[in-house]
Amino acid sequence: MIRLFQPNLGDQELEAIQKTFSKSWIGLGEEVSNFEREFKEYIGSSYALALNSGSAALQLAIESFGFKKGKKVLVNNLTFIASATCILHNNLEPVLIDCNEDDLGINLEDAEKKVDKNTVALIVVHYAGHPAPMDKIMKFANQYNLKVIEDCAHCVGGIYKDKFLGTWGDIGCFSFEEKKGMTSGDGGMMVSNNENLIEKMRPNRWLGIDKDTWKRNSSYTSLGDLDTLHWHYEVSDLGFKYNMNDLSASIARVQLRRLKEFNSKRTYLVKLYLSYLENVDFIKPLINYDLNYPAYWIFGIRSFERDKVIRQLKSKGISTGVHYMPVSKHPLFRTYDINLPISTKIWKQFITLPLHTKLEEKDIRYVCQTLISYSD
Ligand SMILES: *Cc1c(COP(=O)(O)O)cnc(C)c1O
């Protein structure tokens with residue numbers, strides 16, 4: 001079976017875990033701080049906070065602004081459910097925005113229609129890894145005084161107009177879940193150039209405790225018996241248990257060093273898909289892939305016979321997926337299903353095909369030949 005997604009984990013990751021094991025410190029500690037430093041340097045952001053998931057990053061990102069209950073937040077309708085549940089978790093009102101026909105990204109015309117005086121923020125998802133036009137989005141946001149959170153779960157390492165995605169908006173959120181562009185098992189990151197937004201949330205990733213265990217332990221060791229307050233902490237804000245741990249961070253640090261290699265492999269595979277399918281007029285790519293873009297995470301096609309194609313590929317050992325059923329189709333979001341004609345129609349054509357760094361040219365050829373022969 002050709003898998004849809006597959007992490008790329010090797011000896012380097014194993015060695016990193018082993019080192020962490022030998023320190024016997026696998027919780028929140030030095031590895032997490034090191035990963036935060038390396039990640040923010042990599043994407044060119046001033047502050048970073050490592051968490052145990054991308055969902056946690058989105059939730060804390062919204063919380064960091066301290067919006068009043070009941071205010072509205074715009075978000076793509078076509079996305080993973082976590083892009084929208086973070087709004088409900090903060091007692092705010094999601095406003096689902098339709099997609100563009102071509103790149104499936106957030107539709108600014110629809111956003112323009114739905115924004116009002118109670119709207120406080122916009123969550124923009126870089127769908128499939130394809131960059132949303134952040135210059136236009138920031139202009140729109142500034143015009144309506146909206147905070148911008150970039151959901152970069154699909155586009156780690158992605159760049160738009162010479163600037164890393166995640167650094168255009170007020171806050172960028174990343175996921176290192178096992179299927180994503182790089183992984184730490186599970187994990188997430190929140191980045192910003194605004195120190196206040198990140199540092200205000202640092203205690204909240206650990207139940208509101210304002211000094212982490214590592215700091216307490218190291219100050220205890222250096223001060224020895226003189227320090228009788230090493231155990232002391234006081235909680236003033238209601239927090240969560242959302243911290244990343246050293247075991248995850250040690251994997252993530254290696255994956256970050258390999259990220260460019262991962263992204264260029266996926267880009268190469270997307271190019272192969274496009275070239276094999278180029279002259280097949282009955283198969284349309286999922287989006288208008290830009291061959292100069294370095295960080296695609298989903299490759300897919302659109303088909304009016306989705307289920308037949310899925311069944312055919314499965315019988316030939318090829319896994320497929322559908323990314324995504326729109327948020328508005330989930331029972332939890334039924335009351336927010338308002339005027340979303342494009343996404344609620346075209347999602348039924350989506351078929352995601354295998355894309356991961358372990359695939360080779362022959363695999364892509366096999367998937368494409370299977371697709372083409374079926375339609376003959
Ligand atoms: C994966 C994903 C998330 C959530 O990340 P987790 O690490 O799984 O919590 C958020 N948004 C999008 C668009 C995703 O694909």
Side-chain angles (χ1 to χ4, degrees), residues 4-7 32 35 39 48-63 73-90 94 96-97 99 103-106 121-132 137 148-158 165-166 169 171-191 201 205 240-245 247-249 251-252 255-256 262 266 286-287 295-300 321-330 332-333 343 347 350 352 355-356:
L4 193 56
F5 299 107
Q6 189 174 322
V32 173
F35 179 47
F39 191 82
L49 190 63
L51 302 157
N52 59 4
S53 74
S55 305
L58 286 163
Q59 194 186 321
L60 292 188
I62 295 189
E63 192 185 333
V73 179
L74 311 179
V75 65
N76 303 46
N77 187 35
L78 213 57
T79 181
F80 182 57
I81 197 76
S83 314
T85 49
C86 60
I87 302 169
L88 295 179
H89 277 299
N90 278 280
L96 302 175
I97 304 297
C99 64
D103 64 12
L104 304 181
I106 197 159
L122 163 67
I123 298 175
V124 52
V125 182
H126 301 292
Y127 190 84
H130 190 84
I137 283 171
V148 175
I149 296 168
E150 292 180 76
D151 181 341
C152 298
H154 297 183
C155 65
V156 59
L165 295 173
I171 298 179
C173 294
F174 294 83
S175 165
F176 311 121
E177 192 260 346
E178 78 142 14
K179 298 187 287 302
K180 297 291 162 64
M182 57 172 270
T183 187
S184 62
D186 267 311
M189 186 75 83
M190 187 180 150
V191 301
M201 287 299 111
R205 75 170 166 184
F240 303 91
K241 184 65 173 70
Y242 282 171
N243 62 279
M244 182 176 273
N245 64 54
L247 209 47
S248 288
I251 301 172
Q255 292 266 303
L256 182 62
F262 291 162
R266 279 187 289 258
L286 182 70
I287 59 171
Y296 282 114
W297 178 66
I298 288 175
F299 185 81
V322 172
H323 293 85
Y324 292 90
M325 179 172 86
V327 172
S328 60
K329 293 286 167 199
H330 289 277
L332 180 63
F333 286 88
S343 48
W347 80 273
F350 297 172
T352 307
L355 183 66
H356 58 76

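Counting convention: from 1, in listed order, for ligands and their atoms alike. Keep in mind the model is a prediction, meaning the values are calculated, not measured. Quick note: numbers below take in every heavy atom, side chains included, and nothing from hydrogens, waters or symmetry partners.
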### Query
For ligand 1, is there an atom lying under 4.0 Å from some heavy atom of Ser83?
yes
### Message
Quick one, Val191 and Leu49 - any side-chain contact, counting heavy atoms below 4.5 Å?
### Response
no
### Query
Out of Glu178, His126, His154, whose heavy atom sits nearest atom 15 (O) of ligand 1?
His154
#### Entry: Proximal ligand 1 atoms for Ser55, defined as those under 4.0 Å from one of its heavy atoms
4 (C), 5 (O), 6 (P), 9 (O)
### Query
Is ligand 1 less than 4.0 angstrom away from at least one heavy atom of Phe174?
no
### Protein contact to atom 2 (C) of ligand 1 [nearest heavy atom, distance to 0.1 Å]
Lys180 NZ, 2.6 Å
### Task
Look at atom 10 (C) of ligand 1 and say which protein heavy atom is nearest, naming residue and atom and giving the distance to 0.1 Å.
Asp151 OD2, 3.6 Å
### Task
Starting from atom 3 (C) of ligand 1, find the nearest protein heavy-atom neighbour and note its residue, name and distance.
Phe80 CD2, 3.6 Å
#### Entry: Value rounded to 0.5 Å, distance of CD in Gln59 from SG in Cys173
11.0 Å
#### Entry: Residue pair Ser55 / Leu58, side-chain heavy-atom distance below 4.5 Å
no
### Query
Just how far is it from atom OG of Ser328 to atom CG of Leu96, taken to the nearest 0.5 Å?
6.0 Å
### Message
At less than 4.0 angstrom from any non-hydrogen atom of Ser175, what atoms of ligand 1 do you find?
### Response
1 (C), 5 (O), 6 (P), 7 (O), 8 (O)
### Task
Give the ring-plane orientation class for His130 versus Tyr296, where under 30° counts as parallel, over 60° as perpendicular and anything between as tilted.
parallel
### Query
Within 45 degrees of the axis of the six-membered ring of Trp297 and under 6.0 Å from its centre: does Lys180 put its NZ or CZ there?
yes
### Query
Is the closest heavy-atom distance from Ala56 to ligand 1 below 4.0 Å?
no
### Message
So, taking the atom named OG1 in Thr85 and the one named CG in Asn90, what distance separates them when rounded to the nearest 0.5 Å?
### Response
10.0 Å
